[in-house]
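Contents: one structure, followed by commentary.
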Amino acid sequence: MASTGMQIFGFVLALLGIMGAMVATLLPNWKVSADVGSNIITAISQMQGLWMDCTWYSTGMFSCTLKYSVLSLPAYLQTARTTMVLCCVLAAMGLCLASLGLKCTRWGGGRRSKRHAAIASGGCFVAAGFLCLVPASWFTNEVITNFLDSSVPESNKFEPGGAVYVAFVSAGFLFVGGSIFCMSCSGKRHGPQDLVLLPPPDKLLLQQQQQQLLQQQQELQHQYCSLSPLDNKTGYSLQDYV
């Protein structure tokens with residue numbers, strides 16, 4: 001029961017991780033304009049994401065521009081796009097395998113099959129967490145390096161946005177969820193490896209009674225056949241009195 005509870009807990013963490021990774025992939029605020037120097041009194045706030053750049057004006061207007069050209073993007077941004085998409089795909093695959101490997105479910109085959117599915121799902125979650133951690137770390141490093149560069153004008157300095165923190169948290173959820181799934185099925189298992197489907201108790205009792213009646217009939221038939229011809233006489237014969 002403890003192992004089943006840990007699996008459910010790991011499944012919930014992995015589900016939160018994949019939801020966070022998808023949200024972080026779509027959010028446009030991977031980096032936001034830093035409020036330093038003359039930018040404190042500016043009327044424009046800029047945000048840049050993996051797929052679009054957005055600008056927020058003090059008048060309340062909000063405009064976004066999609067990044068259509070892939071080759072014109074820097075290397076860290078192209079890597080972040082690719083790895084985040086792969087992270088979401090791999091985490092979704094792990095989620096499907098985890099639903100088959102849960103011990104509290106009836107689908108997924110026998111115990112050995114469920115064990116293999118759970119370990120495979122844990123590997124998918126751990127790999128997805130790694131793919132989510134790499135772009136978040138690289139993106140953060142590039143933003144901080146650009147911010148500390150004195151040759152960059154203050155109007156072009158950015159700081160990490162909320163999407164980066166969501167990606168870090170999602171990576172942690174995926175790592176923990178995957179580790180739980182891998183550890184919940186590790187070690188030697190005693191008993192049969194596959195589940196044995198038994199009939200309902202009423203049907204099983206009826207089958208046992210039928211087998212007992214059949215055995216009794218066979219025993220009576222055997223005893224009747226083993227009797228001598230004299231024992232089988234049911235009437236009187238004239239020769240008995242001569």
Side-chain angles (χ1 to χ4, degrees), residues 1-27 50 79-139 163-212 214:
M1 292 299 294
S3 177
T4 303
M6 290 298 294
Q7 276 192 339
I8 295 175
F9 179 66
F11 185 84
V12 173
L13 289 180
L15 184 60
L16 293 176
I18 184 176
M19 291 175 62
M22 293 176 64
V23 171
T25 304
L26 299 176
L27 281 177
L50 302 181
T79 305
R81 276 186 172 188
T82 305
T83 52
M84 288 302 295
V85 172
L86 289 178
C87 168
C88 295
V89 173
L90 200 58
M93 186 183 303
L95 208 63
C96 296
L97 291 174
S99 63
L100 298 176
L102 286 173
K103 296 180 180 180
C104 59
T105 58
R106 293 183 178 272
W107 57 79
R111 183 180 300 176
R112 180 179 298 177
S113 301
K114 282 182 172 292
R115 181 183 179 187
H116 291 168
I119 294 176
S121 65
C124 289
F125 290 146
V126 172
F130 178 76
L131 290 176
C132 186
L133 184 63
V134 168
S137 302
W138 193 358
F139 203 97
V164 176
Y165 301 109
V166 174
F168 277 119
V169 175
S170 301
F173 282 159
L174 290 171
F175 272 126
V176 176
S179 301
I180 289 175
F181 266 92
C182 291
M183 294 175 61
S184 64
C185 294
S186 62
K188 186 177 181 180
R189 291 291 183 268
H190 300 282
Q193 295 295 329
D194 294 325
L195 294 176
V196 179
L197 298 178
L198 297 176
D202 296 338
K203 188 176 181 180
L204 182 62
L205 181 60
L206 181 60
Q207 291 178 356
Q208 292 177 354
Q209 292 177 354
Q210 291 177 353
Q211 291 178 358
Q212 291 177 359
L214 183 60

Passes side-chain contact (heavy atoms from CB on, under 4.5 Å), V126 versus L174? Steps please. CA-CA 6 Å; V126 172; L174 290 171; over 6 Å; no
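- Between atom CG of residue L13 and atom CE of residue M6 there is a gap of 9.0 Å, rounded to the nearest 0.5 Å.
- S121 places no side-chain N or O within 3.5 Å of a backbone atom of L97 that could act as its donor or acceptor partner.
- Counting only heavy atoms from C-beta outward, the side chains of L100 and K114 never approach each other to under 4.5 Å.
- Counting all heavy atoms, side chain and backbone alike, C87 lies closest to A128 at SG-O, 3.1 Å.
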Indicate every side-chain donor-acceptor pair of residues 129-139 with a distance under 3.5 Å to a residue at least two apart or in another chain.
| from | atom 1 | to | atom 2 | distance (Å) |
| --- | --- | --- | --- | --- |
| S137 | OG | L133 | O | 2.9 |
| W138 | NE1 | E142 | OE2 | 3.3 |

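- The shortest non-hydrogen separation linking V166 to G20 is CG1-O, 3.4 Å.
- A heavy-atom distance below 4.5 Å is found between the side chains of F11 and F181.
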Walk me through it: do R81 and V85 pass the test side-chain contact (heavy atoms from CB on, under 4.5 Å)? CA-CA 6 Å; R81 276 186 172 188; V85 172; 5.7 Å; no
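- Looking only at distances, no side-chain donor or acceptor of T82 sits under 3.5 Å from a matching main-chain atom of T79.
- Taking the side chain as every heavy atom from C-beta outward, M22 and I18 approach each other to under 4.5 Å.
- Taking CG from L90 and OG1 from T83, the interatomic distance works out to 12.0 Å, rounded to the nearest 0.5 Å.
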